[in-house]
Every structure is written in structure tokens, then in C-alpha cells.
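Excluded from the calculations below are hydrogen atoms, water molecules and symmetry mates; all remaining heavy atoms, backbone and side chain alike, are included. This one's a predicted model, so the numbers in the text were calculated from it and none came from an experiment. Just so it is clear: chains get the letters A, B, ... in the order the sequence lines come, proteins before strands, and each one is counted from 1.
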2 protein chains.
Amino acid sequence: MNIGQASAASGVSAKMLRYYEEIGLLPKAARTEAGYRVYSAKDVNTLRFIRRARDLGLSIERIKLLVGLWQDRERSSADVKRVATEHVAELDAKILELTAMRDTLQELADACHGDHRPDCPILHDFEGGGRSPEHRGTVTKDVRRGKGAAAGLPAGCHAG
Amino acid sequence: MNIGQASAASGVSAKMLRYYEEIGLLPKAARTEAGYRVYSAKDVNTLRFIRRARDLGLSIERIKLLVGLWQDRERSSADVKRVATEHVAELDAKILELTAMRDTLQELADACHGDHRPDCPILHDFEGGGRSPEHRGTVTKDVRRGKGAAAGLPAGCHAG
DNA sequence: CCTTGACCCTCCCATGGTGGGAAGCTCCAT
DNA sequence: ATGGAGCTTCCCACCATGGGAGGGTCAAGG
């Protein structure tokens, strides 16, 4: 099985296959004399595992952990569960953050008549005078962006 | 006002001030003879506007639009509202996506006893046999990652 | 006046996953 | 033998942000 076939069988692009190998998520694939990568049915299983994990938004780092546990017959399910639970917690945090943004913005949009006139509560809020505090404060606390979010959650986030 | 003071007054890092100028979100700042950037109180207002918009998760592209509308006395509030509403729609989509991931993973975690034994429904699902469909299908549809999400939503997403 | 330290400048690099594409080789079918 | 599909490596881009190197500037205190 060459890379194109493994890709088709697993739903992981050839590009990503090479990338996962490069970063050590996958072991280095065997090669033909000509240098073509060769994959087995077992490799395809691993790839499907990875694909499923990515679809659930897990980061590559966590998938590395899970693949390790998966292949360890001595693993304890508690370790697996912990990884999953950590990810759920991050998803929850991100959902809360996005929901707060959404709600604030929806409120502002609702307050905007949306006609030809220039007057607009959205811009008024952004101007940040803070003169209408009832429309502020929702996301104002410094939950702000930072490595945590970018490194932790992503996958589904950068995804598209 | 130099860049450090403008940064402190607006809550936007000096690094980002330079970046926003580079990508054309801000006009090129005036300079002292020594080459130091100089900012006015008006600039700080714009920066606060941008900061607020970023906190609500708007992409730089959309913020460019909003700043343009903000500074246009002839604008119609409908245009502003449309930009905001588009962003709300993207936030909603992302929230749905993350929630689906979260729910699936939480179900799997709930089903995992989490003790010393190796048997684990999470790994079982990831193995993807599809043998227990009641735990599948939630995120299985190909909503998958792609340019749209990365370009559209971000801010709060990459943020941290 | 000179030193010190805080500040500023530009330029490069990294993040996390993913896609795009160029330049060149291999394989298979015609 | 030729064409095209598929493989290889290598570099670039995304988005927004932070980190840091290497060097210039400014103001306060000695």
C-alpha cells in the first residue's frame, strides 16, 4: 500500500501522513527501493484512530498520548479517561468563551435598528466609552487569547 | 505619546501595534526624528475600538471593515449590523461544532470506568470499528477543519 | 559629561495543523 | 518510448501573537 492508498483508506491526507511521520506521531514508514512509503493494514488502523481523534478536536500532543496508551496492553483506562476529560474541560472553556462573545454581540446587533441611518449601538459600544455598561462587561474580563487556547483546544478550532 | 504609552493606554501590545500598522489596519504612525512612532489620543481611541472588537472574536478583516464604517459618517447601521451578524453566525457554527465534540467525548468518558484495567470504551470507539454506533455519528459528519474556520472565526479561537 | 537602564527600532523565528505548489523521480499502461 | 498519474523533498502561506537578538535613543542620576 502506498501513501495515496493509505490516505484514501484512512481519510487522512497524504500531506498529513508525511507530516505526522515527521513530528513523530507515526513511526517512519518503510520504503520501497525507489523511496516510496509503504503502509500496512495495521498502519491504516492507526491512521483511522488518529483521524477519529482529530475529528473530536484532540490536539496532536494528546493523540500521541492516546496512541501510546492504545498500544500498551498494560494501560489503565483511568489514564485514557483523564486525557479525554482534560480535553472536555478545554472544550467547555472554549465554548463558554465563544458563547460569551456571541451573546454580547447578539445583544448589540439586536439593539441596532439596521437601517440606512448611521447611528449604531454596536459602534457605540466598540467606541468603548463604557457609557452603556449594560451592554458591556460580558467578555470584558481578561479571558483573552493566549498560548493555552491555541495549544490546547485547536484542532477543531483551526479546523475548517 | 510613544508606542509603549499608546499600548498601555489601549491594552494593545506594542508588538501588535507594529503589526496592525504593517498589515494596514492602522495608518502609518508619525515618527520622531529618531524614528520612534508617535501616537495621538485619537489613535488610542481607534486602538481601544480594535481591542474591543478583538475581544469579541472578530477577525482582523472584519475589524478593518468596522473601523472603516466607524470613520464614515455616511455609513448605514445596516452595514455594521451585517458584519456583526455574520460573525455571530460563525460563532454559532463553531459553538455547535465544539459542543458536538464535547458531548461525544463526554459520553465516552462517562462510559469508561476509569480504573486500573485496560479495557476502555474511549479507545474502543477511536479504534473506529463502528461496532457501537450509539457512541458514534455525533461529529462523524464531515464538518471537518478548513480554511473557512481558520480565517473566519479565530481571534478568540487562536487567542489565549 | 558619562553611565545606566528603560525604551525603541527592525528582522527573524515559533506556534498548530493544514493546504498549495514547484522541481524532479518512478511506475504503469498504452 | 511516451505520457500521465503518483511519489519524493522542500518551501510558502494562513492567523494573530509572543519571544528574542542586535543595535540605536533618551532621560535620570552620579
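Tyr19(B) places its OH atom 9 Å from the P atom of dC14(D), with the value rounded to the nearest Å. Straight-line distance from the CG atom of Asn2(A) to the C1' atom of dC27(C): 10 Å, rounded to whole Å. As rounded to whole Å, 14 Å separates atom P of dT8(D) from atom NZ of Lys28(A). We find that CG of Leu17(A) is positioned 15 Å from P of dG6(D), with the value rounded to whole Å. Note: CE (Met1(B)) to P (dC8(C)) measures 11 Å, nearest angstrom. Atoms CD1 (Ile3(A)) and C1' (dC25(C)) sit 15 Å apart, rounded to a whole Å. Between Gln5(A) atom CD and dG6(D) atom P the separation is 10 Å, expressed in whole Å. Residue Glu33(B) contributes atom CD, which lies 16 Å from atom C1' of dC9(C) at whole-angstrom precision.
When all heavy atoms are compared, the tightest approach of Ile63(A) to Leu58(A) is CD1-O, 3.6 Å. Ser77(A) and Asp115(B) make their closest contact through OG-N, 3.0 Å (heavy atoms, listed as atom of the first residue, atom of the second, distance). When all heavy atoms of Val38(B) and Arg31(B) are compared, the closest pair comes out as CG2-C, 4.1 Å.
Within the structure, every side-chain polar atom (N or O) of Arg18(A) is placed at least 4.0 Å from both OP1 and OP2 of dC10(D). Contact check, Ser13(B) against dG18(D): a side-chain N or O comes under 4.0 Å of OP1 or OP2.
The residue among Thr32(B) and Ala14(A) whose nearest nucleotide of DNA chain D lies closer to the 5′ end is Ala14(A). Heavy-atom distances to DNA chain D give each of Ile60(B) and Ala34(B) a nearest nucleotide, and the one nearer the 5′ end belongs to Ile60(B).
Residues satisfying the side chain to side chain donor-acceptor pair (under 3.5 Å) test with Asp72(B), not counting sequence neighbours, are none. Looking at residues two or more places apart in sequence or on another chain, you find a side-chain contact (heavy atoms from CB on, under 4.5 Å) between Ser10(B) and Val12(B), Val44(B), Leu47(B), Arg48(B).
Contact annotation: the side chain of Arg82(A) approaches that of Asp79(A) to within less than 4.5 Å [non-hydrogen atoms, C-beta and beyond]. Taking 4.5 Å as the limit, every side-chain heavy atom of Gln106(B) sits out of range of all side-chain heavy atoms of Leu91(A).
Under the ring pair (Phe, Tyr, Trp, His ring centres under 6.0 Å) criterion, the residue pairs touching residues 39-58 of chain A are Phe49(A)-Trp70(A), Phe49(A)-Phe126(B), with sequence neighbours excluded. Listed by first and then second residue, the ring pair (Phe, Tyr, Trp, His ring centres under 6.0 Å) pairs involving residues 91-113 of chain A amount to none (not counting sequence neighbours).
For dG17(C), its base never sits under 3.5 Å from the side chain of Lys15(A) at any donor and acceptor pair.
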Listing time: all N or O pairs from protein to nucleotides 28-30 of chain C that are below 3.5 Å?
none

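Of the residues in residues 35-43 of chain B, those lying under 4.0 Å from DNA chain C by heavy-atom distance are Gly35(B), Tyr36(B), Arg37(B).
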